[in-house]
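Only one structure is covered here, and it is reproduced in the block below.
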Amino acid sequence: MSYLEATNDLYKEAALTPDVGLCCTTNPIWELPGLKIPKIMQEMNYGCGSTVHARDLANNPKMLYVGVGGGMELLQFSYFNRQKNGVMGVDVVDEMLEASRKNFKEAEAQNDWFKSEFVDLKKGDAMNLPVEDNSIDVAAQNCLFNIFKADDLKKAIAEMYRVLKPHGRLVMSDPTCEQPMNDELRNDDRLRALCLSGSLPIADYVKALTDAGFGTIEIRARKPYRILDPKHYPTDDLIYIESIEVAAIKDPMPADGPCIFTGKAAIYYGDDDYFDDKLGHVLLKNQPLAVCDKTAGALASLGRDDIFISKSTFHYDGGGCC
């Protein structure tokens with residue numbers, strides 16, 4: 001049995017018998033005016049964060065969600081796009097698609113504004129999406145890509161890039177791990193399916209996105225997730241896993257490399273009212289400016305004693321140098 005078959009079996013079971021402890025997210029459920037999320041959707045929230053960000057969802061974007069779970073985030077996306085087939089959900093597991101259809105009926109009963117026809121559910125593979133080129137404004141996946149091994153991950157990211165419109169964005173949440181894992185953990189199909197042993201370091205995760213052509217990367221959140229300890233897992237060392245929320249934007253790739261925002265800021269505190277680096281970055285006196293890692297490096301290389309560059313906070317909320 002391949003690791004993908006093991007994954008399909010696991011989520012087939014989770015569709016037929018909801019498993020509240022399958023994934024553990026510390027994100028609160030979105031409380032929006034008029035939005036009620038059925039309990040069954042919350043129980044089937046098999047994610048490690050959130051991919052729903054209001055600033056991504058203005059002007060009725062066409063949305064794609066891969067790996068539908070119990071349909072909770074599809075319902076949340078529909079809140080922002082109340083049009084027939086405005087949101088597309090793709091999953092390879094028949095039972096999960098059927099569970100979502102059933103859950104949408106419950107959502108209709110609890111939300112006067114919601115109709116099941118707002119969501120177009122399709123069977124499909126993340127590595128071969130049933131979606132036209134350049135047709136999606138916002139694509140999302142939650143706790144799915146970390147399951148894939150390197151070659152399959154490359155294919156899945158390339159598919160997301162293909163279906164996005166220019167300047168469209170791929171919004172994701174996945175577990176990450178900065179510590180090395182032994183081969184026994186890496187090759188355990190069930191632990192990979194459980195979104196544990198496939199966790200990559202953040203730098204490797206980001207590189208996979210920029211290698212696909214995404215010109216702008218935003219690290220929006222980084223949170224504690226799970227522990228793999230020697231008592232319960234085949235490891236000699238305690239391994240700490242975090243979840244991150246990331247947006248990869250289909251911007252043109254800059255000539256000097258991608259703009260990667262990891263939550264750094266630059267603050268000018270010199271004698272003048274502002275500092276202008278003549279490259280498009282103006283720092284007002286004592287006013288922090290969010291900067292990508294590339295700009296932070298360029299400013300630091302100037303060797304000035306009146307510009308402070310903060311460390312990465314791994315929380316970026318928009319604006320800044322690019």
Side-chain angles (χ1 to χ4, degrees), residues 49-51 53-58 61 137-140 145 153-154 157-158 160-161 164-174 176-178 200-223 242-322:
S50 177
T51 63
H53 298 262
R55 68 185 176 92
D56 298 329
L57 304 175
D137 295 296
V138 179
F145 280 8
L153 176 61
K154 183 177 180 180
I157 294 174
M160 289 291 212
Y161 187 89
L164 282 170
K165 297 176 182 178
H167 306 293
R169 54 193 59 201
L170 168 58
V171 187
M172 301 165 290
S173 179
D174 275 302
T176 61
C177 182
E178 300 303 316
L200 295 174
I202 292 175
D204 293 352
Y205 189 92
V206 169
K207 186 176 187 301
L209 295 167
T210 57
D211 284 351
F214 287 99
T216 302
I217 308 294
E218 302 177 353
I219 308 295
R220 294 179 169 180
R222 180 180 181 180
K223 305 175 183 179
E242 298 171 296
S243 69
I244 59 168
E245 296 173 13
V246 178
I249 303 172
K250 193 176 178 178
D251 289 337
M253 182 64 69
D256 58 351
C259 295
I260 301 170
F261 289 88
T262 61
K264 291 183 178 180
I267 303 176
Y268 168 67
Y269 54 96
D271 295 328
D272 297 324
D273 291 336
Y274 65 90
F275 170 78
D276 185 349
D277 71 352
K278 309 301 183 183
L279 295 172
H281 311 118
V282 177
L283 305 179
L284 300 178
K285 188 173 182 177
N286 265 324
Q287 297 294 314
L289 178 73
V291 291
C292 70
D293 290 5
K294 183 173 56 179
T295 299
L299 290 172
S301 71
L302 298 175
R304 297 180 64 104
D305 61 2
D306 55 5
I307 295 178
F308 173 82
I309 308 294
S310 74
K311 295 180 180 180
S312 296
T313 63
F314 296 97
H315 176 83
Y316 172 74
D317 208 18
C321 70
C322 300

Please report the interatomic distance [atom1]([X]) to [atom2]([Y]), rounded to the nearest 0.5 Å.
X	Y	atom1	atom2	result
Ile267	Leu299	CD1	CG	12.0 Å
Ile217	Asp251	CD1	CG	9.5 Å
Ile309	Lys264	CD1	NZ	8.5 Å
Met253	Thr216	CE	OG1	8.5 Å
Leu209	Phe145	CG	CZ	8.5 Å
Asp273	Gln287	CG	CD	11.5 Å

**Q.** With sequence neighbours excluded, residues passing ring pair (Phe, Tyr, Trp, His ring centres under 6.0 Å) with Tyr268
**A.**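 Partners of Tyr268 by the ring pair (Phe, Tyr, Trp, His ring centres under 6.0 Å) criterion come out as none, since no residue qualifies.
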Q | Residues in ring pair (Phe, Tyr, Trp, His ring centres under 6.0 Å) contact with Phe314, at least two apart in sequence or another chain | A |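 In terms of ring pair (Phe, Tyr, Trp, His ring centres under 6.0 Å), with neighbours along the sequence ignored, Phe314 is linked to no residue.
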Is any side-chain heavy atom of [X] closer than 4.5 Å to a side-chain heavy atom of [Y]?
X	Y	answer
Arg220	Val171	yes
Pro252	His167	yes
Val206	Ile219	yes
Phe275	Leu302	yes

Might you point out which heavy atoms bring [X] and [Y] nearest each other, and give the distance in Å?
X	Y	value
Arg55	Gly318	NH2-N, 3.8 Å
Ala290	Gly319	CB-O, 4.1 Å
Ala139	Met160	CB-SD, 3.8 Å

Please list, chain by chain and in numerical order, all residues satisfying side chain to side chain donor-acceptor pair (under 3.5 Å) with [X], sequence neighbours excluded.
X	value
Lys250	Asn134
Asp306	Arg304
Tyr161	none
Thr210	none

**Q.** Residue list, side chain to side chain contact (heavy atoms under 4.5 Å, CB included) with Ala140, at least two apart or on another chain
**A.**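 Per chain and number, Ala140 pairs via side chain to side chain contact (heavy atoms under 4.5 Å, CB included) with Thr51, Tyr65, Phe77.
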Identify, with sequence neighbours excluded, every residue that meets salt bridge (charged side-chain N to carboxylate O under 4.0 Å, His left out) alongside [X].
X	value
Lys165	Asp137
Lys154	none
Asp256	Lys294

Would you give me the side-chain donor-acceptor pairs under 3.5 Å for residues 279-286, sequence neighbours excluded?
from	atom 1	to	atom 2	distance (Å)
His281	ND1	Asp277	OD2	2.7
Lys285	NZ	Gly270	O	3.1

Q: Give a yes or no on whether Tyr269 atom OH has more than 12 heavy-atom contacts from other residues, nucleotides or ligands under 6.0 Å away.
A: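 More than 12 within 6.0 Å, yes.
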(Q) If you apply the rule side chain to side chain contact (heavy atoms under 4.5 Å, CB included), what do you find for Thr176 with Arg222, and how did you get there? (A) CA-CA 9 Å; Thr176 61; Arg222 180 180 181 180; 5.5 Å; no
Q.
Between Leu289 and Thr295, does the side chain to side chain contact (heavy atoms under 4.5 Å, CB included) criterion hold? Intermediate values first, please.
A. CA-CA 11 Å; Leu289 178 73; Thr295 299; over 6 Å; no
Q. Could you give all pairs that pass the side chain to side chain donor-acceptor pair (under 3.5 Å) test and reach residues 308-322, with sequence neighbours left out?
A.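 Sorted result for residues 308-322: Thr262-Ser312.
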Q | Any donor-acceptor pair under 3.5 Å from Glu245 side chain to Ser50 backbone | A |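 Checked: pair present.
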